[in-house]
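Quick note: numbers below take in every heavy atom, side chains included, and nothing from hydrogens, waters or symmetry partners. Numbering of residues begins at 1 and proceeds along the displayed sequence.
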Amino acid sequence: MRQRYRPDIDGLRALAVISVLLFHAEVPGFGGGFVGVDIFFVISGFLITSIIVGDLEGGDFSIARFYERRVRRIFPAFFAMLLAVLLTGMLLHDALEFARLGKNAIAATIFISNIVFWRQSGYFAPSAEKNPLLHTWSLSVEEQFYLFFPLLVALLALRAPKTLKPCLVVGTVLSVALAGWGAFRFPGATFYLLPTRAWELSMGSLLALGVPGAPRSTSRAAWGALIGLALIWTSILTYSERTPFPGLAALPPVVGASLMIWSGLNGHETQCGRVLSWRPVVFVGLISYSLYLWHWPIIAFWKCVVFRPMGWTDSFLIVALSIALGAVSWRFVERPFRYGNGLVRERCGALLLGGLAMLGAVGAGALIWGSGGLPGRFGASPHHIAVVGRARDSAAWDMYAGWEALTESLGTSPRIQPPMVGRPGAMPRFALVGDSHARALIPAIESQAERVGVAGYIITRRSTPPLSGVGVKQVPHGDDGFDEAQYHEGLMKFLEDTPQIHTVILSGRWPAYVRDHYTERGEDQLDCELMDATEIAVDTPARSAMLERGLDRLVEQLIRMNRRVVLIGCVPEIGVDVPTAYGIASRLPWLLDLETIRPMRQDFERRQLESRELLSRVAARYRATLVEPDAVLWDADGRTTILVGDELLYRDDDHLSDAGARHVAPCLDSVFDALARVDDSGGWGGGGGG
């Protein structure tokens with residue numbers, strides 16, 4: 001029996017897409033609007049399964065017909081959006097970003113972008129907020145599901161009909177269980193990949209198969225709709241990026257959407273259903289696919305060129321433009337191709353045109369990716385391309401990333417030796433310990449070690465500041481499974497067993513562990529919680545106190561080992577990706593003045609207030625050396641220096657580039673001059689105590 005048209009489901013689509021739109025447009029009160037995608041999955045599973053079951057019952061099911069419908073439904077608006085994104089990226093992106101966009105276009109076209117974005121979801125991944133194709137991950141999940149699902153349903157329905165529902169129930173339960181476990185253990189994979197999302201689609205499929213049956217009375221249907229709507233709105237209004245998702249937290253919106261659909265089975269009409277069937281709401285539901293496709297590229301490109309947070313006016317304009325483009329796309333692109341109307345009436349023609357569109361998009365993406373982002377386009381000079389390339393593409397930086405594997409193994413293998421820099425063959429006299437900001441300083445450390453003829457170990461690990469008894473949890477990325485306690489134990493054991501190490505240099509992105517991200521400058525969000533054995537610190541005073549305790553314990557342990565301790569302060573954080581801004585300013589000076597992104601010294605002082613004070617207190621307590629690399633990063637007007645000659649000093653919004661590290665290296669002169677006076681026994685040459 002074929003499913004009748006239900007306007008309330010289009011109304012549910014409207015609720016889903018508006019919640020996503022308002023969440024992405026940063027409208028207050030919609031912190032959980034991302035659950036709209038989960039509602040879409042339930043609706044999709046219900047409608048697609050209803051069509052498959054209807055075709056099977058009518059005896060006219062065919063895979064070719066199924067995929068013709070998918071091509072007509074998905075492809076026209078998708079490829080129109082993709083073309084617009086590539087053309088806009090050609091104008092706004094630098095070569096590296098545009099090359100990455102070409103790669104992402106290929107992934108989106110062949111429906112594997114969820115896998116690609118999952119693999120890019122690490123700490124140093126390109127900013128998700130500025131990826132105009134990020135939203136295509138959900139399309140990839142759907143299309144991967146529909147690669148095998150129609151065949152499975154058809155096979156079981158025809159050969160073993162009694163096993164169809166039990167198999168789907170078992171698969172749904174297993175997927176829910178996997179999502180609940182993975183949300184805490186592997187949050188990135190759980191968010192993006194099909195096995196932990198399939199249950200949301202299959203919840204809708206079960207409804208289409210009559211599991212459970214239709215409501216037996218209008219009153220039950222009304223209660224089901226009311227509870228479902230309450231579950232959805234509670235999720236939208238109370239969830240945030242801190243919510244572990246899509247684990248068990250996805251159950252309320254998914255169950256809520258399922259109840260809304262269930263309440264309308266067998267023609268039951270409810271008050272909630274009538275509200276969702278209101279014509280303006282239904283219209284938003286009808287354009288929801290196009291609206292979803294267009295809203296995110298608008299936001300992503302806005303963030304590429306506007307280096308400040310969204311205000312109410314920005315959010316309003318983004319929402320209005322998204323709805324307008326969604327309506328135009330639905331009326332002039334989506335509908336004509338979906339329903340024929342003289343355009344590609346035949347199935348073979350539709351499938352052939354869809355295949356050609358995929359081939360063309362993959363070819364365009366391959367050309368962009370393979371050429372390195374068409375670097376000569378729109379007046380981008382070789383000089384400007386080279387400046388950006390030196391800042392962003394660094395073989396040394398990539399090599400340092402490989403060194404982190406050795407660092408992470410310190411607590412698991414006593415035979416592990418961290419990598420060394422400095423004079424070959426020299427006895428290691430120092431160790432650099434810290435997070436990614438320490439990693440960014442390696443060129444400065446290496447040049448200083450070579451200058452005075454000493455050697456030392458490099459022990460850095462992203463998001464792992466040098467603390468004792470305090471761990472860091474990135475929000476919303478969650479736990480990456482790294483055992484910080486074991487790592488710290490291995491680090492201290494290594495230092496204790498290597499007495500020739502005279503000086504330990506500690507470096508970290510201190511203010512990021514104390515304060516939230518730069519909301520006033522609109523930088524990519526980096527929020528974290530600090531944890532010790534007894535509590536979790538989430539606000540600035542608590543995090544500052546816990547950070548000081550953790551650093552104090554570590555320095556005290558090092559002093560007991562008779563090590564000299566050097567604390568490195570933090571460099572100014574720019575708040576925007578410097579190579580991106582430089583690329584736009586060099587190609588489109590009318591759009592961006594590079595001067596406007598350089599923070600003033602008072603901004604830096606405010607951002608660093610708590611962390612600088614606690615570093616000073618720890619240094620004073622233990623007579624440690626405190627080095628402030630920002631001292632050489634201010635110009636005469638009190639603005640941060642980001643460009644010296646032809647070298648950008650930052651590789652992104654907060655990490656120094658190789659050139660930036662070399663620029664601040666003189667701040668370490670006294671530290672390494674002292675190391676040069678250490679004799680082979682570990683004491684100070686020429687007399688004096690250490």
Side-chain angles (χ1 to χ4, degrees), residues 7 9-25 33 36-37 39-41 43-44 47 68-92 101 104-105 108-109 111 113 131-143 279-304 315-345 349-350 353-354 356-358 360-361 364-365:
I9 290 183
D10 274 328
L12 188 59
R13 276 197 183 112
L15 175 59
V17 76
I18 290 298
S19 68
V20 172
L21 173 59
L22 296 182
F23 167 68
H24 285 152
V37 174
I39 298 171
F40 275 129
F41 284 157
I43 296 171
S44 178
L47 294 177
E68 178 198 2
R69 285 176 175 149
R70 296 303 293 168
V71 166
R72 290 184 181 277
R73 171 75 171 124
I74 299 296
F75 279 25
F78 171 80
F79 284 113
M81 178 276 298
L82 185 62
L83 177 62
V85 164
L86 291 177
L87 291 176
T88 307
M90 183 180 292
L91 177 66
L92 296 180
L101 181 60
N104 292 341
T109 300
F111 302 112
S113 60
N131 177 358
L133 295 177
L134 181 69
H135 63 322
T136 63
W137 74 268
S138 62
L139 297 181
S140 295
V141 168
E142 279 201 29
E143 295 315 304
R279 288 188 65 181
V281 178
V282 170
F283 175 75
V284 175
L286 290 173
I287 69 170
S288 60
Y289 173 59
S290 283
L291 175 53
Y292 179 77
L293 285 179
W294 286 99
H295 88 283
W296 181 251
I298 293 171
I299 293 172
F301 284 125
W302 182 92
K303 291 186 176 183
C304 283
S315 297
F316 174 79
L317 291 175
I318 286 170
V319 169
L321 181 58
S322 298
I323 293 174
L325 279 178
V328 170
S329 174
W330 172 76
R331 176 63 183 85
F332 296 105
V333 179
E334 196 177 334
R335 285 189 67 190
F337 284 91
R338 184 177 180 185
Y339 299 111
N341 296 342
L343 294 173
V344 197
R345 290 180 178 273
L353 188 60
L356 290 174
M358 291 184 71

At their closest point, which heavy atom of [X] faces which heavy atom of [Y], and how far apart are they?
X: V319; Y: A25; result: CG2-CB, 4.0 Å
X: S322; Y: I298; result: OG-CD1, 3.6 Å
X: S113; Y: S140; result: OG-OG, 2.9 Å
X: F23; Y: G33; result: CB-CA, 3.7 Å
X: F337; Y: R72; result: O-NH1, 2.9 Å
X: G11; Y: V281; result: CA-CG1, 3.7 Å

Could you walk me through whether L293 and L139 pass the side-chain contact (heavy atoms from CB on, under 4.5 Å) check? CA-CA 10 Å; L293 285 179; L139 297 181; 3.8 Å; yes
With heavy-atom distances below 4.5 Å as the criterion, would you say the side chains of [X] and [Y] are in contact?
X: V85; Y: F301; value: yes
X: F41; Y: V141; value: yes
X: I287; Y: R331; value: no
X: V71; Y: L353; value: no

Nearest 0.5 Å, what's the [atom1]-[atom2] distance between [X] and [Y]?
X: T136; Y: N131; atom1: OG1; atom2: CG; result: 7.5 Å
X: F78; Y: T109; atom1: CZ; atom2: OG1; result: 4.5 Å
X: H135; Y: Y292; atom1: NE2; atom2: OH; result: 6.5 Å
X: L101; Y: L82; atom1: CG; atom2: CG; result: 8.0 Å
X: L15; Y: F40; atom1: CG; atom2: CZ; result: 9.5 Å
X: I9; Y: L47; atom1: CD1; atom2: CG; result: 5.0 Å

Verdict with reasoning, M358 to F79, per side-chain contact (heavy atoms from CB on, under 4.5 Å): CA-CA 8 Å; M358 291 184 71; F79 284 113; 3.8 Å; yes
If only atom types and distance count, is the side chain of [X] paired as donor or acceptor with the main-chain N or O of [Y] below 3.5 Å?
X: Y289; Y: I74; value: yes
X: S329; Y: A77; value: no
X: T88; Y: A84; value: yes

Hey, mind stepping through L291 and W330 against side-chain contact (heavy atoms from CB on, under 4.5 Å) and telling me if it holds? CA-CA 8 Å; L291 175 53; W330 172 76; over 6 Å; no
Could you please spell out the steps behind the side-chain contact (heavy atoms from CB on, under 4.5 Å) verdict for V282 and L286? CA-CA 6 Å; V282 170; L286 290 173; 4.2 Å; yes
